Number of protein chains: 2
Amino acid sequence: MISEIQSDKLSNSNLIETQGAFRALSDPTRRGILMLLSEQEMTIGDVSEHFDITRAAVKKHLNILEEGALISVHASGRERINRLEPLGLKSAVDWLNYFNQFWDEKLSALQQAVEDEQNNQN
Amino acid sequence: MISEIQSDKLSNSNLIETQGAFRALSDPTRRGILMLLSEQEMTIGDVSEHFDITRAAVKKHLNILEEGALISVHASGRERINRLEPLGLKSAVDWLNYFNQFWDEKLSALQQAVEDEQNNQN
DNA sequence: CTTAAATAGTACCTTTTGGTTTCATAAATC
DNA sequence: GATTTATGAAACCAAAAGGTACTATTTAAG
């Protein structure tokens, strides 16, 4: 079956490759950091000012984001510039896009239901 | 600034709404379960046969997936049918799609390649 | 009615996670 | 050269996560 082939492909190779990204994305603070860095690359100190935790805790989050290839760090003198790596989100996006085929089905059904409801209300 | 408005919108409301989904997605076993259920809805026993952990552990994963609204559970006699809820992935997909704009800015060529690849797979 | 099957739930254990505090190091700056 | 300044890293801690074993409950089946 085609579905089994797809399943193998995603559950074996892709499942492992995505782990770093999905792990990094599971924490709300880390997602907040990604949002921040999407506006501007920043030093650790800069990032820390936006959160109510210590700089050391922020550093740990940045390490995990870097491990997941969601950011990159560049030395500049004694500072370290943290930069968003949007391409790192690709593995997670790809994995989720596999399900598009299913929620496209659901969505069309839902859309129909919404339209029916609107017609009843009017 | 527009970027600040967008940031607020995503970091406050959406960030919280997506937590259940992203948390559920962070574990490879749970992503495997989602893949399984994408092919066919199954009982807990059926799901358990695909993994090398106890039924109780699988049940915990299913609970977390249900909390994240990624699956739904339907009683049928003494069995519980676990069904994929693809729409539950929408919050996570939406959050990630915010970053599409940065792909566009910096990596439009690469994004095109990704889309082409997706088209070839479908 | 009794028994087997499918699941729920709890107690318990170990590892991971998110956080802190403290100390060390490297680079500007005075 | 001495002193801030920005960061790295280790030790430690409480809570959450992922797992097991065991017990209870509900429902099919004989």
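Labels below follow one simple rule: chain letters A, B, ... track the order of the sequence lines, proteins then strands, and each chain is numbered from 1. Being a predicted model, the structure only gives us computed values, none of them experimental.
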ask   = Quick one: A/Lys59 NZ to C/dG18 C1', roughly how many Å, whole number?
value = 16 Å

ask   = If each of A/Asp52 and A/Gly77 is mapped to the nucleotide of DNA chain C with the nearest heavy atom, which maps nearer the 5' terminus, i.e. the 5' end?
value = A/Asp52

query = What about B/Lys60: does its side chain form a donor-acceptor pair under 3.5 Å with the base of D/dG19?
reply = yes

key: Whole-Å distance separating the CG atom of A/Asp27 from the P atom of C/dT16   = 18 Å

inquiry  = OP1 or OP2 of D/dA17 versus the side-chain N and O atoms of B/His61: is any pair under 4.0 Å?
reply    = no

inquiry  = Quiz question: going by heavy-atom distance under 3.5 Å, is there a donor-acceptor pair between the base of C/dT7 and the side chain of B/Arg80?
reply    = no

task = Return yes if a side-chain donor-acceptor contact under 3.5 Å exists between B/Glu79 and B/Thr43, otherwise no.
result = no

ask   = Distance check: side-chain N/O of A/Arg23 vs OP1/OP2 of C/dT17, anything under 4.0 Å?
value = yes

ask   = Just how far, in rounded Å, is P of D/dT27 from CD of B/Glu79?
value = 12 Å

Length of the CD1-P vector between B/Ile53 and C/dC13, whole Å = 21 Å

request  = Return yes if some donor-acceptor pair links the side-chain N/O of A/Gln19 with the main-chain N/O of A/Gly68 below 3.5 Å, else return no.
outcome  = no

task = Can you measure from CZ (A/Phe51) to CG (A/Leu36) and round to the nearest 0.5 angstrom?
result = 5.0 Å

inquiry  = Using a distance-only criterion (donor-acceptor N/O pair, under 3.5 Å, no hydrogens), is the base of C/dA5 paired with the side chain of B/Arg78?
reply    = yes

query = Between C/dG18 atom C1' and A/Arg31 atom CZ, what is the distance in whole Å?
reply = 15 Å

ask   = Of the nucleotides C/dG19, C/dT7, D/dT20, which has the atom closest to the B/Ala56 side chain?
value = D/dT20

inquiry  = Taking B/Arg23's backbone N and O only, do any of them form a donor-acceptor pair with B/Arg30's side chain (distance below 3.5 Å, no angle check)?
reply    = yes

ask   = How do A/Val58 and B/Asn82 order along DNA chain C: which one's closest nucleotide is nearer the 5' end?
value = B/Asn82

query = Expressed in angstrom and rounded to an integer, what is the separation of A/Arg55 atom CZ from D/dT5 atom P?
reply = 13 Å

ask   = With respect to the phosphate group of D/dG19, does any side-chain polar atom (N or O) of B/Thr54 fall under 4.0 Å of OP1 or OP2?
value = no

message = I'd like to know if the side chain of B/Arg31 reaches the main chain of B/Leu25, judged simply by a donor and an acceptor atom lying under 3.5 Å from each other, with no hydrogens or angles considered.
response = yes

Integer-rounded Å distance: C/dT16 P and A/Ile64 CD1 = 13 Å

request  = Take the protein atom CG of A/Leu62 and the nucleotide atom P of D/dG8, then report the distance between them rounded to whole Å.
outcome  = 8 Å

query = Taking OP1 and OP2 of C/dT7, is either one under 4.0 Å from a side-chain nitrogen or oxygen of B/Thr43?
reply = yes

